[in-house]
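Below is one structure; the comments refer to it alone.
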Protein chains: 2
Amino acid sequence: MSTTTPGLRVVVIGGGIVGLACADELVRAGHDVRLFDPAPASGATYAAAGMLAPGGEAWFGEEALLCLGVDSLERWPAYAAVLEERSGRRVDLRAAGTLLVAADRDDLAEVRRACVLLEASGVRAEELDRQALRAHEPTLSGRVAGGALLPDDRHVNPRRVADALLIVLGERVVRARATATPDGVVLDDGSRITADVVVLATGAVGMPHVRPVRGEVVRVRSHDAPSRVLRARVHGERVYVVPRADGELVIGATEEEHSAGQGTPLPTVGGVARLLEAARALVPGLDRAELLEVVARDRPGSPDNGPLLGPVASPGSARVLLAGGHHRGGVLLAPVTAATLRAHVDGLDVPDAARPFTPDRFETHRFERNEDPCT
Amino acid sequence: MSTTTPGLRVVVIGGGIVGLACADELVRAGHDVRLFDPAPASGATYAAAGMLAPGGEAWFGEEALLCLGVDSLERWPAYAAVLEERSGRRVDLRAAGTLLVAADRDDLAEVRRACVLLEASGVRAEELDRQALRAHEPTLSGRVAGGALLPDDRHVNPRRVADALLIVLGERVVRARATATPDGVVLDDGSRITADVVVLATGAVGMPHVRPVRGEVVRVRSHDAPSRVLRARVHGERVYVVPRADGELVIGATEEEHSAGQGTPLPTVGGVARLLEAARALVPGLDRAELLEVVARDRPGSPDNGPLLGPVASPGSARVLLAGGHHRGGVLLAPVTAATLRAHVDGLDVPDAARPFTPDRFETHRFERNEDPCT
């Protein structure tokens, strides 16, 4: 890969899937990169289900985010193939599509609304009645109301993606906490590193405009596991079930705004109970599944749920770029995020779909220039 | 403590709370004791809630077991005091009583049946209406039907009891797997140890007449924790909530017969979901509690749910005694079990309440001698 600028000294702060993907992209662009994280891939990436399903997350009013997700989804097959080739690790990318499932009539109305939006945005969505749904996925309850197939969705194992990125980055990943300074970063031991570019990818903590959104997921093993990704509404409750290798499933995910706490978040009794109830109502055979792990993590939520991709005002000689606020979409959006950050660093054209997601959309001066932000 | 026989070479196989308590009692009686377990206190003891509540477990037809439990409960205060003194560790013994709680009218009928049995057996039980129940425990749901107070129940932290016993036993506990032989035991590395007495206390695995009964418990932390032990029936489902230090609670316990599997058992989605639902229905504030741990273990169940305490036929020079089959009662029954085993080893009178619990009650020849086992 050619570079348009000579190799820069780049520091990435934060080693979740977004920070790792950005670091790797910038290495491949010829830059001198180091990434700092005391515990890489142990935050939201550790809990993520790995759905590559822009449609499943679609909401009215977030069409730009849907387009960004579709762009990144299209990048995933090549991205995964190259990463597997370079790392020698499998990332378990699968292309079985997503089944949207509605437990009752109200849930079904929501699914139908989502399908209308998806088709208007060019995403294929095929509505299915109960029988057709259960023909696709026989483990589903006989009491579901109906749903839809999104045939183009994929999913991947985020822990394996992070492992593969850690392998290709090698010693460029330093297990230490770093804080940005005007001319680079300072580590907890006091040592200072000068950089031309600092990429902030610290997830739910320490990013401008980003708030933590608690999520809980459960990992189980079943002898009677669904073979497709299920995204369901069960009496208004959202739940997904994502198959992995070896009969493992990830069941998620709660979503809860909260003030940032200390240390690793803990799952709650109510959150886990609601997940397990919804999953059992959807796939009755899960009653017998073995519970392997219960995990809570904070997602990085931005004011409009879209990511923050690009430069912010920097007080010194180092340029500062954000790669954060990915909320539920960090895994899906990692390839387009890495390409976008690389374009910003090297002065290239950013992908069209990423243009609306510059951090300055939340800066006060935007509203000062235009008294009505809605015009 | 005096001994009636010269110090014997005793080997105890199994380091759950029962094996540890027996080993300690036999050391104090002057015997030369070694205990073998590859992972002491990691089985049912690790999952146990530590209720010292013979009445809470009472069922019609198990009066002998109730009497054994009452005997052991009376031993606990002195037992805990001596153990704390010798080990320098606190075992968190508390005397707040148990509240029996019924969620609906059918549940209440069961609670009333239990109270009748308890009073007939000399155990104090005070029936309470909803208001009186909630005056004792304000964290209870306003929708409970009623219940009862068992003022004499206690509870203890089983992990702390095991820690204290491990301290006082010191190097007598060997972390290795042992198998009984005609003249002692053989270890997995092939080394043989000759013994005069072998005590089998291996819990759910490797004991005659004992089957595994899977149980699941959840450990949580709440800012609004009940201060009393709650034993409840919630629409037929049994659940208990046991307070520990620092706002921690143990919520248990499912009960499921199954064929013995390999390795440490795993909790199931359905089992954990039912526990969490029942606990939330009982104490609504638990919805916000943090989930710390989910544990599944196998209890050692005997054909009549009573323990097996005493000698069995042995093929060689070593006498073999059983201390097992304690089902849900290992923690409660540890003191009376230790005293009973010591009495059998030394030829002393066994406690009256323990007399019905010799292993020979399940031997075929008993039925051969008397065609109707019920006469």
Shorter than 4.5 Å, heavy atoms on both sides: which option in G270(B), S222(B), G271(B) has the most such pairs with chain A? G270(B)
Which atoms of R280(A) come close to chain B, meaning under 4.5 Å heavy atom to heavy atom: side chain ones, backbone ones, both, or neither? side chain
What one should report as the nearest heavy-atom pair of R221(B) and L266(A) is NH2-CD1, 3.5 Å
If you count heavy-atom pairs under 4.5 Å between each of L275(B), L292(B), V272(B), V220(B) and chain A, which one has the most? V272(B)
Write down the atom of V294(B), the atom of L291(A), and the distance for their closest heavy-atom approach. CG1-CD2, 3.9 Å
Does R89(A) have more than 12 heavy atoms from other residues, nucleotides or ligands lying within 6.0 Å of its CZ? no
With R143(B) via salt bridge (Lys or Arg N to Asp or Glu O under 4.0 Å) - residues at least two apart: none
Count the heavy atoms of every other residue, nucleotide or ligand shown that sit under 6.0 Å from CZ of R177(B), and state whether that count exceeds 12. no
How long is the straight-line distance from CZ of R274(A) back to CG of L276(B), given to the nearest 0.5 Å? 11.0 Å
Might you confirm whether atom CZ of R134(A) has over 12 heavy atoms from other residues, nucleotides or ligands at distances under 6.0 Å? yes
Crowding at CZ, R288(A) (>12 non-hydrogen neighbours, <6.0 Å): no
